[in-house]
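Here is the structure we will look at, set down as structure tokens.
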Amino acid sequence: MIKTSVNIMRGCFGGCSFCSITEHEGRIIQNRSKESILEELQEIRDKVPGFTGTISDLGGPTANMYRLGCSDPKAEANCRRPSCVFPGICHKLNTDHKHTIDLYRSAREVEGIKKVLIASGVRYDLAIESPEYVKELVTHHVGGYLKIAPEHTEKGPLDLMMKPGMGAYEQFKAMFEQYSAEAGKKQYLIPYFISAHPGTEDEDMLNLALWLKKNNFECDQVQNFYPSPMCNATAMYHAETNPLKRVKYKKRDVVPVAKGERQRRLHKALLRYHDPNNWPLIRQALVDMGKKHLIGDGPHCLIPADDQQKQTPAQRRKSGRHGANRFATKHTKSQPGFTPLRKGRNQPQATAAQPTKSQQRGKNAAKSKQVS
């Protein structure tokens, strides 16, 4: 994948708490010229062995920050905001995606390039500011799946992550589905989520798991937060304090942190609620949280009441003798409505058992010997 991908920029002004890209690549985007990018596409076409004509990615830390930045150089030089897009998009930020759209169209026109895919994560709160970009992206540059990163569904963790709310996700999802239908394509969004991020409590992860089930998502690969260097979230993890707000002497904004092995395993297990190996841990946690109504086979339940991995496929399908009572053998006493006859009433008369053919032959031989 990397040998057929092209990096078009460096830096990120998102400032997510769990990411250090803003720190080591900068908050001001460093852009490559369009000519340089197109030249690299031609080099890949001519020099990469086995090149099939498909560019696997045209992006960077994010897919859609190419040539975006502050519209006021003086304000940019003095600004100390950790993020240009949180808690809302700065009114001085240029969100016009015309340069990115022009680059995509030029890349598609390069001789020998059949398909240009976008594999870098799309910052959807920026994308919805430019419907033309979303249409261009969805119509020509999605290979069936598009990665986006809402990271969570609950406001508490999202505020500490410095990520937008789910309203922006829903708006982007509606645009994505609309333009996919107009293009006559079946395409899907792949959302990324983080478990055990500082500020995330058990209730938050449970609500995320319920959202995933409601929307028919079953996460395969999930990210359990790990404190890494140069991240605000790492400071939250170790100090259990919110560094995004002013920290006063003997007064601080306390942040709940999932540190114990059991709690961190639980948060990750809730992201993979569909995995039978996680059901015992989730089941016990739901009981402790007073959420026993979420255990069962009902449509509102998160996990079943029993461990289906111990059942046979027929038991899981509830087929055959494991299904409804109509499949029960009619003469069994367990059938509903079955009442045995009383002794002495209407009892069938006992009859002698009929001999088998071999027994009958033996009797006939014995009689013939007596006669002789």
Against Y169, only a single residue in W211, Y192, F193, F176 fulfils ring-ring contact (aromatic ring centres under 6.0 Å, His included); can you say which?
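When W211, Y192, F193, F176 are each tested with Y169, the ring-ring contact (aromatic ring centres under 6.0 Å, His included) holds only for W211.
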Taking atom types as modelled, find out whether [X] and [Y] have a side-chain donor-acceptor pair closer than 3.5 angstrom.
X    : Y    : answer
S71  : N94  : no
S56  : S5   : no
D288 : Q284 : yes
T62  : R123 : no

Between the side chain of [X] and the main-chain N/O of [Y], is any donor-acceptor distance below 3.5 Å?
X    : Y    : result
T22  : R27  : no
R67  : K98  : no
R10  : I29  : no
S83  : G14  : yes
T200 : H197 : yes
H99  : H97  : no
K135 : Y179 : no
R264 : F225 : yes
K173 : A168 : no
T100 : N64  : no

Tell me the closest heavy-atom pair linking L294 and H300, and the distance in Å.
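Closest approach of L294 to H300, heavy atoms only: CD2-O, 3.5 Å.
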State the [atom1]-[atom2] distance between [X] and [Y], to the nearest 0.5 angstrom.
X    : Y    : atom1 : atom2 : answer
L286 : L281 : CG    : CG    : 9.5 Å
C84  : I89  : SG    : CD1   : 10.5 Å
K245 : D253 : NZ    : CG    : 4.5 Å

Report the C-alpha distance between H141 and Y104 in whole Å, list the side-chain angles of each, state the deciding distance to 0.1 Å, and finish with yes or no for ring-ring contact (aromatic ring centres under 6.0 Å, His included).
CA-CA 8 Å; H141 300 284; Y104 288 177; 4.6 Å; yes
Tell me, please, which residues at least two apart from E151 pass side chain to side chain donor-acceptor pair (under 3.5 Å).
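Here no residue qualifies.
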Step by step, work out the salt bridge (Lys or Arg N to Asp or Glu O under 4.0 Å) result for R32 and E39.
CA-CA 11 Å; R32 290 179 64 181; E39 285 179 8; over 6 Å; no
Hydrophobic clusters here meaning ILVMFWY residues chained together by side-chain heavy-atom distances under 4.5 Å, can you tell me if [X] and [Y] are in one?
X    : Y    : value
I21  : M9   : no
M175 : M166 : yes
M289 : V287 : yes
L126 : L158 : no
M236 : M205 : no

Tell me, with the steps shown, if F13 and L68 meet side chain to side chain contact (heavy atoms under 4.5 Å, CB included).
CA-CA 9 Å; F13 49 72; L68 301 188; 4.1 Å; yes
Which residue pairs pass the ring pair (Phe, Tyr, Trp, His ring centres under 6.0 Å) test when at least one of the two sits in residues 251-274, sequence neighbours left out?
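Qualifying pairs: none.
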S180: which of K185, K186, Q187 passes side chain to side chain donor-acceptor pair (under 3.5 Å):
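With S180 as partner, K185, K186, Q187 yield a single side chain to side chain donor-acceptor pair (under 3.5 Å), made by Q187.
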For H24, does the NE2 atom sit with more than 12 other heavy atoms under 6.0 Å from it, leaving out its own atoms?
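Enclosed: over 12 neighbouring heavy atoms sit under 6.0 Å from NE2 of H24.
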NZ of K259: more than 12 outside heavy atoms within 6.0 angstrom?
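Yes, the 6.0 Å shell around NZ holds more than 12 heavy atoms from other groups.
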Answer yes when E132 and R105 have at least one side-chain N-carboxylate O distance shorter than 4.0 Å, and no when they do not.
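Here E132 pairs with R105 in a salt bridge, since their nearest N and O are under 4.0 Å apart.
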Carboxylate-amine/guanidinium proximity below 4.0 Å for E136 and R108:
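Yes, E136 and R108 are salt-bridged.
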Return the orientation label for the F172 and Y124 ring planes: parallel under 30°, perpendicular over 60°, tilted otherwise.
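Rings of F172 and Y124: tilted, as their planes differ by 30° to 60°.
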